Amino acid sequence: MSESTPRLRETLGRLPAYVAGKPPTAAEGLTPYKLSSNENPHDPLPGVLEAITRAAAAMNRYPDPASSALVEALAQKYDVPREHLALGTGSVGLLQQVVQISAGPGDEVLFAWRSFEAYPIMTIIAGATPVQVPLRADEGHDLDAMADAITERTRLVFVCTPNNPTGAVVRQDDLDRFLDRVPDDVLVIVDEAYVEFVRDPDAVRGIETYRARPNVAVLRTFSKAYGLAGLRVGFAIAHGPVAQGLRQTQVPFGVSTVAQAAALASLAAEDALLERVEHIVGERTRVEAVLADQGWRLPPSQANFVWLRLGDRIGELVAACDAVNLAVRPYGDDGVRVTIGEPEANDRFLSVVAPFAPR
Ligand SMILES: *Cc1c(COP(=O)(O)O)cnc(C)c1O
């Protein structure tokens with residue numbers, strides 16, 4: 001037998017791994033909490049569970065490949081044409097498609113760094129070149145530097161607002177000034193995975209921006225505020241050619257019948273879900289106030305997590321959290337991202353982190 005293995009694309013060797021948030025360890029005596037993946041801590045609403053139970057009865061059939069009912073509901077909710085919608089297996093699925101339809105070998109994909117770790121991965125999978133522009137000292141996007149980094153090879157720009165993992169938002173007036181400098185034939189994706197948690201009136205309004213500019217599209221997800229992370233459904237709102245490209249490149253039947261039913265039921269139960277979001281925002285305000293009292297000087301978070309720059313004490317904090325059954329998410333030498341969770345989880349985190357505060 002030959003020793004050789006199949007020849008795969010050499011770009012795989014350059015691919016950073018996607019690091020998923022770890023589950024907490026389950027030492028005895030303390031309820032474990034997962035604060036490492038920005039998940040919604042609330043259990044599913046009973047009505048949503050009932051809807052997916054009904055949908056599960058049809059699991060021997062393929063799903064509606066066009067997700068027609070969900071597309072119709074989203075078109076009405078956001079007042080956009082149905083042709084401007086594309087659904088995906090979470091917005092991560094759409095992120096991959098966005099790169100596929102816009103960039104390949106020799107092309108550049110521009111984004112801030114640190115930002116969502118799927119951006120470099122999807123860019124490298126497509127064979128394109130990631131161009132990463134460091135965040136400003138206040139953890140926000142440096143849009144002037146990003147505009148300066150545009151070349152004739154730039155095909156795609158990601159703007160993540162609120163930014164994962166730092167929680168900072170881009171301001172609408174800053175985005176408008178940036179977009180005035182972006183060539184019309186460069187696609188700009190506004191990734192609004194956490195938009196439901198935003199309370200800053202000056203923050204980007206992605207859908208308004210899409211309406212005004214044919215090269216801008218918005219990505220949204222049911223995973224965070226709507227609590228459907230396990231079912232994989234997100235959507236893009238984009239002008240005709242971009243939305244069509246996304247539909248052309250989707251994995252056939254990727255969004256399951258159960259996911260479609262859950263998303264529809266969640267839209268119908270939106271008031272109850274947004275009340276829960278309000279509760280999480282309240283916890284965020286409380287956590288930030290306690291952190292400020294402890295001595296932390298943090299950029300205000302507009303998402304469902306906080307971000308602590310800790311340099312060489314990252315490992316120590318992660319271990320201290322681990323010792324009390326809290327999973328948090330470290331990022332290299334930069335910092336730790338901690339999801340706003342159940343009040344008890346937040347309290348436990350606040351007591352663990354207190355001794356790490358800068359004084
Ligand atoms: C969580 C997240 C997403 C999408 O998650 P899906 O579960 O794939 O919908 C997209 N962008 C950012 C910045 C995120 O943090």
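Position 1 is the first residue of the sequence, and the numbers go up from there. Fair warning: this is a prediction, and the values are worked out from it, not measured in the lab. Start at 1 and go down the list; that is how both ligands and their atoms are numbered.
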Determine whether the aromatic ring centres of residues Phe305 and Tyr194 are separated by less than 6.0 angstrom.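 Yes; Phe305 has its ring centre under 6.0 Å from that of Tyr194.
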
Given the side-chain rings of Tyr78 and Phe235, with only the six-membered ring counted for Trp, is the space between their centroids under 6.0 Å?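 When the ring centroids of Tyr78 and Phe235 are compared, they turn out to be within the sub-6.0 Å range.
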
With ring-ring contact (aromatic ring centres under 6.0 Å, His included) as the test, would you mind laying out the steps for Trp113 and Tyr119 before giving the verdict? CA-CA 10 Å; Trp113 199 249; Tyr119 302 155; 7.9 Å; no

Might you confirm whether atom [atom1] of [X] has over 12 heavy atoms from other residues, nucleotides or ligands at distances under 6.0 Å?
X	atom1	answer
Phe253	CZ	yes
Arg9	CZ	yes
Asp184	CG	no

Strictly under 4.0 angstrom, heavy-atom based: which residues surround ligand 1?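 Answer by chain and number: Gly90, Ser91, Val92, Phe116, Cys160, Asn164, Asp191, Ala193, Tyr194, Thr221, Ser223, Lys224, Arg232.
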
